[in-house]
Structures are given as C-alpha cells and as structure tokens.
Amino acid sequence: MSPLPLIWKLKRLLNIGSEKKLKKAIKVVDNVVMEMIGQRKREMATMTTGLNKSDLLSRFMGSIEDDKYLIDIVIVF
C-alpha cells in the first residue's frame, strides 16, 4: 500500500515492514495446507479400497502429482 512503487520494491528487497509480514503469513498458510494434505494422504493410505473419499481435496490429490501445484490449488479454493 505504498504510494510509490519504488518504496514497495525497496521494502520487498530488504524484507522489511509489511512485506516481511506478508512473507511470514504466506509461509504459515503454506504450512497449514501442507499439513492438511499430509494428513489426508495418511488417512487415504490406511483406508480400505472400498472407502475412498469423494471430497474435493481427495479428487485433486488423485489427479495432481506435483505437491507445490496442489498446495496452490487448495489455497485458491
């Protein structure tokens, strides 16, 4: 929310102020989503074949192999 793009770029480069808070918040969200995906993978590994979940996360996990891309998709939803 800087009035000048130069100030925003400088804050981002030096990792200070609101840019530092933003990076921390993004890491927290990524960690929460990674834990949620890991928990679901563990649940799916212990399930019998007849009890497949049909929720949105399970469907995404079945069709997307790249974990980073999966995390991005979950965050968007």
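Atom set for the values below is all heavy atoms of this structure, side chains included, hydrogens, waters and symmetry mates excluded. Quick caveat: nothing in here was measured; it's all calculated off a predicted structure.
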Checklist entry - Is there a side-chain contact between I26 and D30 (heavy atoms, below 4.5 Å)? => result yes

Next on the checklist: Quick one, E19 and L14 - any side-chain contact, counting heavy atoms below 4.5 Å?
Outcome noted: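 Side chain of E19 against side chain of L14, heavy atoms only: no contact under 4.5 Å found.
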
Treating Ile, Leu, Val, Met, Phe, Trp and Tyr as nodes and any side-chain heavy-atom pair under 4.5 angstrom as an edge, say whether [X] and [Y] lie in one connected cluster.
{"X": "L13", "Y": "I16", "value": "no"}
{"X": "L56", "Y": "M34", "value": "yes"}
{"X": "I75", "Y": "I37", "value": "yes"}
{"X": "L10", "Y": "L22", "value": "no"}
{"X": "V33", "Y": "V28", "value": "no"}

Item to check | G17 to K11 - nearest heavy-atom pair and separation | outcome: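 Reported closest heavy-atom pair: CA-CE, 4.4 Å.
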
Checklist entry - What residue pairs, at least two apart or across chains, pass ring pair (Phe, Tyr, Trp, His ring centres under 6.0 Å) with a residue in residues 15-35? => result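 Of all non-adjacent pairs touching residues 15-35, none passes ring pair (Phe, Tyr, Trp, His ring centres under 6.0 Å).
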
Using a 3.5 Å cut-off and no angle test, enumerate the donor-acceptor pairs between side-chain atoms of residues 61-71 and protein atoms at least two apart in sequence or in another chain.
{"from": "S63", "atom 1": "OG", "to": "R59", "atom 2": "O", "distance (Å)": "3.3"}
{"from": "S63", "atom 1": "OG", "to": "F60", "atom 2": "O", "distance (Å)": "3.3"}
{"from": "D67", "atom 1": "OD1", "to": "K41", "atom 2": "NZ", "distance (Å)": "3.1"}

Item to check | Under the side chain to side chain contact (heavy atoms under 4.5 Å, CB included) test, residues paired with K20 that sit two or more places apart | outcome: N15, K24

